[in-house]
Amino acid sequence: MTKRHITYLAGAAVLCGSLLGAAPASAAHRVHWVHPGESIQKAVNAAEPGDTVVVMAGTYRESVKVTTPGLTLRGVGPQTVLKPAKKVKAGKAKAGKAKAAAQKSCAEMGNGICVVGTKKQPVEDVTITGMTVTGFSRIGVMAVGAANLNVHGVAAVKNGQWGIAEERSVHSTYRDNVARDNGDAGLFLANSVTAEKGATDTHGTVVERNLLQGNRIGVTVRRLRNLTVAGNSVTGNCAGVFVVGDENKPKAGNITVAENQVVKNNKYCKKTARLAFLQGTGIVLTGTEKTLVTHNTVTGNTGRSPLSGGVVIFKSFVGTTSDKNQVTDNKLSGNGPADLINQEATKHGNAFKGNTCKKSKPAGLC
């Protein structure tokens with residue numbers, strides 16, 4: 001972890017302390033305190049919209065489901081640790097598979113914190129901050145059907161699938177988090193995890209100033225539009241940043257990837273049913289349109305995967321083209337097989353301008 005990100009998490013704790021020491025909450029917005037040995041879920045269930053649940057330093061073995069709009073779930077920093085319960089009871093649902101899955105608790109799904117709304121009524125204005133979520137078999141923090149979600153100062157570490165993830169959500173902010181050593185993406189954002197359908201508009205979701213380290217992929221943005229990934233430190237993963245579309249319409253795009261430090265993502269990850277093995281990948285665009293990759297520093301990403309290289313416009317495995325993307329004013333060095341790679345035909349209008357680099361495929365992009 002860099003000093004910068006340690007400072008972020010420590011700062012979150014200091015900020016928390018200063019807020020808690022301020023004037024007492026009004027009757028309309030109460031503070032619910034949780035101490036070691038007490039239940040976070042019980043406090044969350046008792047909270048009303050606009051309330052804050054403060055979880056003191058300690059280790060809590062449970063999963064937490066949030067459905068209350070306007071709720072703030074606040075730890076006091078990295079010392080507030082959420083881990084799986086030692087044993088999760090199996091659900092008793094006997095209905096069809098889809099219904100049975102819907103009836104499972106957050107813990108039964110293998111997740112740490114679940115922020116859950118519905119298609120007709122998203123859960124709005126939830127904040128998760130100031131804690132470590134670690135060791136869950138699937139996802140550290142998962143949001144489904146959320147609007148205006150704010151996740152900051154959270155460390156998602158060594159979870160089996162994704163560190164922090166969302167689907168069917170809009171206008172989220174992920175800032176100053178650490179996602180490290182998770183089984184797949186540190187941060188994963190998608191229109192839908194299960195359904196094959198066109199990209200959806202996030203209405204300005206922001207992924208900013210996070211440390212993404214030692215994961216399979218640092219950040220994955222899948223089948224989304226209108227989103228910014230900026231100012232993140234992405235290092236030591238198998239791949240840095242993936243922006244992914246598919247054959248459905250509308251296509252993924254209108255995304256900005258800017259001012260990130262994407263360095264030495266050279267960990268090896270074996271192939272999956274969907275994807276070739278990964279190693280040495282900086283930033284990849286595949287099946288996307290009108291995406292801007294600008295002012296990033298991309299260095300030392302080297303490998304022999306079909307997706308290896310600094311900034312790669314990759315010809316999709318499902319045959320979807322990448323169109324009218326712009327790769328501008330990036331600083332690239334020491335990436336292999338090349339700093340810039342464009343696998344698309346020139347007719348698709350992808351532009352490379354103002355980049356500082358030494359080698360490209362085809363030649364002439366630097």
Side-chain angles (χ1 to χ4, degrees), residues 2 158 161-163 179-188 207 210-222 229 232-246 252 255 257-288 291 293-320 322 325 327 330-344 350 352 355-366:
T2 66
K158 294 184 179 178
Q161 189 174 8
W162 303 316
R180 188 177 66 245
D181 299 333
N182 298 287
D184 196 87
L187 266 164
F188 179 87
V207 177
N210 303 284
L211 172 62
L212 306 157
Q213 183 178 46
N215 310 286
R216 186 168 183 269
I217 302 171
V219 182
T220 297
V221 177
R222 193 174 81 184
V229 178
N232 301 284
S233 177
V234 189
T235 185
N237 309 283
C238 302
V241 179
F242 262 40
V243 183
V244 182
D246 58 20
I255 293 166
V257 181
E259 300 182 355
N260 300 285
Q261 300 284 325
V262 186
V263 179
K264 294 183 179 178
N265 292 283
N266 297 326
K267 181 180 172 182
Y268 175 86
C269 291
K270 64 183 180 180
K271 69 178 182 180
T272 66
R274 297 176 64 95
L275 200 60
F277 80 91
L278 297 175
Q279 185 179 40
T281 300
I283 299 171
V284 170
L285 308 182
T286 179
T288 66
T291 288
V293 179
T294 188
H295 290 99
N296 300 282
T297 299
V298 186
T299 61
N301 304 282
T302 62
R304 296 184 178 181
S305 166
L307 297 111
S308 296
V311 176
V312 181
I313 296 183
F314 181 73
K315 194 169 184 179
S316 169
F317 286 121
V318 296
T320 304
S322 292
N325 300 290
V327 181
N330 301 283
K331 295 181 180 179
L332 306 104
S333 64
N335 301 289
D339 293 318
L340 296 174
I341 298 174
N342 182 15
Q343 298 182 6
E344 288 290 1
N350 298 298
F352 295 79
N355 300 290
T356 302
C357 60
K358 292 184 177 180
K359 184 179 181 181
S360 70
K361 289 188 175 183
L365 301 180
C366 290

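Partners of F352 under the ring-ring contact (aromatic ring centres under 6.0 Å, His included) rule, at least two apart in sequence or in another chain, do not exist in this structure. Contacts of T299 classified as side chain to side chain contact (heavy atoms under 4.5 Å, CB included), with partners at least two apart in sequence or in another chain: V263, T297, S333. Every residue meeting the side chain to side chain donor-acceptor pair (under 3.5 Å) condition with N350, not counting sequence neighbours, appears here in chain and number order: N325. Taking the ring-ring contact (aromatic ring centres under 6.0 Å, His included) definition, one finds that F188 meets it with W162, sequence neighbours left out. Scanning for salt bridge (Lys or Arg N to Asp or Glu O under 4.0 Å) contacts around D181 gives an empty result, with sequence neighbours left out. Taking the side chain to side chain contact (heavy atoms under 4.5 Å, CB included) definition, one finds that N237 meets it with N215, V234, N265, sequence neighbours left out. Scanning for side chain to side chain donor-acceptor pair (under 3.5 Å) contacts around N330 gives N296, N355, with sequence neighbours left out.
Atom NZ of K158 and atom CZ of R180 lie 7.5 Å apart (nearest 0.5 Å). To the nearest 0.5 Å, atom CG of residue N266 and atom OH of residue Y268 are 14.0 Å apart. Rounding to the nearest 0.5 Å gives a distance of 12.5 Å between CD1 of I341 and CD1 of I283. The distance from atom NZ of K267 to atom CD of Q213, rounded to the nearest 0.5 Å, is 10.0 Å.
Nearest approach of E344 to K315, heavy atoms of both residues: OE2-CA, 4.2 Å. S308 and G336 get closest at one heavy-atom pair: CB-O, 3.6 Å. Scanning all heavy atoms of the two residues, the minimum distance from S322 to G287 falls at OG-N, 2.9 Å. Summarising the geometry of V257 relative to V243, their closest heavy-atom pair is CG2-CG2, 4.2 Å, with the distance given to 0.1 Å. Minimum interatomic distance between L285 and V293 (heavy atoms only, all atoms of both residues): CD1-CG2, 3.9 Å.
Put simply, the side chain of V221 reaches to within 4.5 Å of the side chain of I255, judged on heavy atoms.
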In residues 356-366, what donor-acceptor pairs under 3.5 Å come from side-chain atoms, sequence neighbours left out?
residue : atom : partner : partner atom : Å
K359    : NZ   : P337    : O            : 3.4
S360    : OG   : P362    : O            : 2.7
S360    : OG   : G364    : N            : 3.3
S360    : OG   : L365    : N            : 3.1

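When atom types are taken as modelled, the side chain of S233 and the backbone of L211 share no donor-acceptor pair closer than 3.5 angstrom. Remark: side-chain polar atoms of T302 are not paired, donor with acceptor, to backbone N or O of N335 under 3.5 angstrom.
The side chain to side chain donor-acceptor pair (under 3.5 Å) pairs that include a residue from residues 270-286 number zero, where partners must be two or more places apart or lie in different chains. Every pair passing salt bridge (charged side-chain N to carboxylate O under 4.0 Å, His left out) that includes a residue from residues 212-222 is listed here, sequence neighbours excluded: D184-R216. Among residue pairs with one or both ends in residues 296-315, those qualifying as ring pair (Phe, Tyr, Trp, His ring centres under 6.0 Å) are F314-F317; sequence neighbours excluded.
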Show, in sequence, the C-alpha distance, side-chain angles and deciding distance for L278 and L307, and conclude whether the side-chain contact (heavy atoms from CB on, under 4.5 Å) test is met. CA-CA 7 Å; L278 297 175; L307 297 111; 3.8 Å; yes

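No more than 12 heavy atoms of other residues, nucleotides or ligands lie within 6.0 Å of CD in E259, so this atom counts as exposed by the packing criterion.
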